[in-house]
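Have a look at the structure below before the remarks.
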Number of protein chains: 4
Amino acid sequence: MPKVVDEQMREATRRRIIHEAAGEFARLGFDQANINTIAELAGIGKGTIYLYFENKRELFLAMLRSISQSQMASIRAALAPDGTLQQRLERLFRAFVHLAEQESDSFNVYMSALYGVNRAFQDEATKLLRDYVAVIALMVEESQVRGEITTQKSETTALMILSLTESYVLSARVLGRSEQAITQEASIVARMILHGIRTS
Amino acid sequence: MPKVVDEQMREATRRRIIHEAAGEFARLGFDQANINTIAELAGIGKGTIYLYFENKRELFLAMLRSISQSQMASIRAALAPDGTLQQRLERLFRAFVHLAEQESDSFNVYMSALYGVNRAFQDEATKLLRDYVAVIALMVEESQVRGEITTQKSETTALMILSLTESYVLSARVLGRSEQAITQEASIVARMILHGIRTS
Amino acid sequence: MPKVVDEQMREATRRRIIHEAAGEFARLGFDQANINTIAELAGIGKGTIYLYFENKRELFLAMLRSISQSQMASIRAALAPDGTLQQRLERLFRAFVHLAEQESDSFNVYMSALYGVNRAFQDEATKLLRDYVAVIALMVEESQVRGEITTQKSETTALMILSLTESYVLSARVLGRSEQAITQEASIVARMILHGIRTS
Amino acid sequence: MPKVVDEQMREATRRRIIHEAAGEFARLGFDQANINTIAELAGIGKGTIYLYFENKRELFLAMLRSISQSQMASIRAALAPDGTLQQRLERLFRAFVHLAEQESDSFNVYMSALYGVNRAFQDEATKLLRDYVAVIALMVEESQVRGEITTQKSETTALMILSLTESYVLSARVLGRSEQAITQEASIVARMILHGIRTS
DNA sequence: GATGAATGAGGCTTCATTCAT
DNA sequence: GATGAATGAAGCCTCATTCAT
C-alpha cells in the first residue's frame, strides 16, 4: 500500500507550496502575489495548488498558521525555565532579533497580516499575538512564584514585555540598524524591562 | 477675483479626497481600494481625482504625508515642555491611545504602510517613524539638561520610549482592550519607562 | 465697428488651429492626436476650439479641406498651359515631390485619410483625388486639341498619369530616397508617361 | 498523444483570431478596433487572445505579417516566368485587382499601415513594399537576359511598375470603379508600362 | 491526481466634450 | 467670447479560478 508514501508526498508538496508562498507573499504582499508564480516556484502546475488549498486566501491563512507554529516554537524555547528572569528576557529578545533577521519572510508576512486591513488575516495573526502574551504571562507567573518579582497583573506585564521586545526589534530594523547592533542591546533592554516590572 | 475662492475650493476638494481615500485605504488596503469609490465618497467624478493626483499611488503617498503631518502635530503637542518627564510620557502615551482610537483610519493606514511590502510606502512611513524618534530624543535631551535623568544615548532611549508606547497601545488594541482600559495604564507604563531609563 | 477686425481675428485663429491640427494629426493620427495639445500649440484654451469646430471629427475634416485647397492650387499652377505636354508632366511630378517633402504634414494627413478606414475622411480625401483627375483630364484634352497626343478616354489617361506620378513619389519616399534623387527622375518619368499615352 | 491535435487547434485558433482581427482593423483602424469584439468574433474569451498575442499592438503586427506572406504568395505566382513580359505584367495587374477586391480587408489594413503614422506598423508594411519591388526587379532582370527589354536600373524600373500597377488599382477603386471595369484595363496598362520601360 | 488552456470580472487611466464663470 | 475644471464613457490588460484531458 503506497498510501503512506502518497501521504508523505502530499505533505511534502503542501509544505513546499507554503514555503514558496511565504516568500512570494513577503515579497509582494497578498494582492500582488501571483498564484502562478508560487506554483512555478513550488515546481507544480497552476491548477495543482487548488488541490491543496481552496483558494488564494486559504493558502495565505494556512501559511500564516504555519508561520505561527514555527515562531511559537522559537519563543517557547527561548522562555524555557532555565536561568534567571533577566536571562530569559535576554533570550526572548535575541529570539525576536533572530526571527526578524533569519526568518524575515515569515516575520514580514506576520507583521503585515497583523497591521494590514484584512480582518481574517488580522484575526489569524492576532492568535499568535495572544499565544505570545500567554506564554510570556506564564513565565511572569513562574517568576512570581520563584520570588524574582512581585506583581499582580501577569498579562499586562506580559504585554509590556512583548511590546518592548518585539517592537524595539522592529523599529530598530526599520530604522536600518544591523542585527549585531541590535543584539548587543539585549542586556540593556532586558534589564530595563526587569526594573520596570519590579517598580510598577 | 474668484481666484482665492477657487484656490480654497480646490484645497477643500483635495482634502476631501484625501480624507475619503484614508478611509477607503484603511478599510481595504492599497490594492483593494477603488479609485472610483473614493471619488464617489468625495462627491466628485471619477476623472476628477486625476486633476488632483497623478495616479493611485501618488494619492496614497499624499494621504500618507497628510497623516504624518497630523500625527506629528499631536505628538509635538503632547511632548510640550510642561510638567515633569513622567507627565510628558503620560501625555505621549495618551496621545497614541487617542490617535489609535480617534484617528484609527490614519493609524491603520500608517501601520500597514510601515509593515507592508511596498518600498515607496514603507519609506514614507519610515520618515514619520524617524520624526517620532527625533522629537522624543529632543525631550530626552531636555530632561538630561534639567537633571531629570542621566543618559548618554538619547536616540536609543527615544526608540525605547516610542517602541513601548506605540506598540503597547497597538497590541492592546489588537487584543481588543477598550480605549478607557488602555488609557488607565498611562501612569503605569510611563513610570515603568522612567525607571527603565534611569536604570540603564 | 470692430466687426471686421473681429472677423479677421476669428479667421486668423481658425487658421492657426487648423495649422497646428495638421501637425498633430500628421504626427499622431486622428485617434492619438490630442485636442488639448492642439489648443496649446494654437495658443488658445481647450474649450475655445469648440467655438470654431463642432468636434474633433469636424476639425479634422476642415483641416482636410484646407489641405485640399492648398494642394489643388499647387497642382493647378503646375499644370498651367505653358510649354509642351512633356514639360507640364515634369512640372506635375516636381509639384508632387515638393508637396510630399515641403508639405509633408499635409501630405501624410491626406494619404492616411485616403487609405485609412474612416469613411467620412476617405470621402473627403477622395474629393481631392477626383479634382486631381479632373484637372489632369483637362490637360489631356487640351493636348489632344493641340495635337500633342491622340487619345479617347481622357479620364483613364489622367488616372494613369496621376497614379504613376503620385505613387511613384510616395513609394520612393517610403523606400527612403532623397528628394533630390527623386526630382532628378522627373524627366524620365514624364517621358515614360508620354510614350505610354501615345502608344495606347 | 493529443499534442498534434492540440497544436493544430492552437494554430487554427491563432488563424481565426488573425482573420477576425484583420476584419476589425480594416473596418475601424487600429485605435478604434476593439480587442473584446475581435475575441467575440473569433469565438473565444477576451483573455484568451493574450495567450496568443502579447498585446493589441503585437496582434496587429502578427496580422500584418500574415497579410504580407499571403500577398507575396499571390504576387510571386503572378510573376511566374511563364509567357511574355506583357503577359506577366497583365497577370501582376490582375493579381492586384484581385487582392484589392477579394482580400479587401487585408488590402485596406496594409495600405493604412503603410500610410499611417505608427512607425512600427509603417516599418512592417514597408518590408512588404520592399519585397514587392525586389521580386518585380527580378522579373525585370530576367526579361533583360531574355532580351525582351534593355534596361540598366532594374530596381527603379520595378518601382515604376509597382507604382503604376498598385496605385492605378487603388485609385480606380477609391473612385468607385467596378472590379470588372478595372480588370479590363490590364492589357492597356501593361502595354503602357512596357513601352515606358523600353523607351527610358 | 495533475495539468494548464481558457475564461471574464474588475480597475486604472485617458481624453473628448460640457458648462459655469 | 474665452476659459479650463469637471465629467464619465470606454478599453486594455491581469490573474484567480475552473475544468476537460
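Heavy atoms only: backbone and side chains are in, while hydrogens, waters and symmetry mates are out. Source: prediction; values computed, not measured. Chain A is the first sequence line, chain B the second, and so forth, proteins listed ahead of strands; every chain is numbered from 1.
For the pair B:Phe53 CZ and E:dT13 C1', the computed distance is 16 Å after rounding to whole Å. Atom NZ of B:Lys56 and atom P of E:dT13 are 8 Å apart (whole Å). Distance B:Leu51 CG to F:dG8 P: 13 Å, rounded to the nearest Å. A straight line from CZ of A:Arg57 to C1' of F:dT17 spans 16 Å, rounded to a whole angstrom. To the nearest angstrom, P of F:dG1 lies 15 Å from CZ of C:Arg14. At whole-Å resolution of the value, CD in D:Glu7 and C1' in E:dG4 are 14 Å apart. If you measure from atom CD of B:Glu58 to atom P of E:dC12, you get 15 Å, rounded to the nearest angstrom. Between C:Ile49 atom CD1 and E:dT18 atom P there is a gap of 13 Å when expressed in whole angstrom units.
The backbone N or O of C:Ala39 sits nowhere less than 3.5 Å from a side-chain atom of C:Glu20 that would complete a donor-acceptor pair. Side chain of C:Ser70 to main chain of C:Ser66: no donor-acceptor pair is present (N/O by atom type, distance under 3.5 Å, no hydrogens or angles).
The minimum heavy-atom distance linking A:Arg57 with A:Phe121 is given by the pair CG-CE2, 3.9 Å.
The stretch residues 25-44 of chain C touches DNA chain F through C:Ile44, each having a heavy atom within less than 4.0 Å of the strand.
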Quiz item: Going through the distances and angles, do A:Asp105 and A:Val109 end up as a side-chain contact (heavy atoms from CB on, under 4.5 Å)?
Solution: CA-CA 6 Å; A:Asp105 275 2; A:Val109 164; 5.6 Å; no

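In this structure the side chain of A:Gln71 reaches within 4.5 angstrom of the side chain of A:Leu99, judged on heavy atoms.
Side-chain polar atoms of D:Asp31 and C:Gln32 form a donor-acceptor pair below 3.5 angstrom.
Backbone-only contact: B:Tyr52 has heavy atoms under 4.0 Å from sugar-phosphate atoms and none from a base. A:Lys46 comes within 4.0 angstrom of a nucleotide base, judged by non-hydrogen atoms across all strands.
The side-chain contact (heavy atoms from CB on, under 4.5 Å) test with A:Ile18 singles out one residue from A:Phe60, A:Phe53, A:Tyr52, and that residue is A:Phe53.
Helix bend of the helix from E:dA2-F:dT21 to E:dT21-F:dA2: the angle between its two end axes, each built from five pairs, comes to 0° after rounding to 10°.
Separating the CG atom in C:Leu64 from the CG atom in C:Leu128 is a distance of 8.0 Å, to the nearest 0.5 Å. Here D:Leu129 contributes atom CG and D:Ser68 contributes atom OG; the two are 10.0 Å apart, rounded to the nearest 0.5 Å.
Each of B:Gly45 and D:Gly47 was assigned the nucleotide of DNA chain F with the nearest heavy atom; the assignment lying further toward the 5' end belongs to B:Gly45. Comparing D:Glu54 and A:Asn55 along DNA chain F, the residue whose closest nucleotide (by nearest heavy atom) sits nearer the 5' end is D:Glu54.
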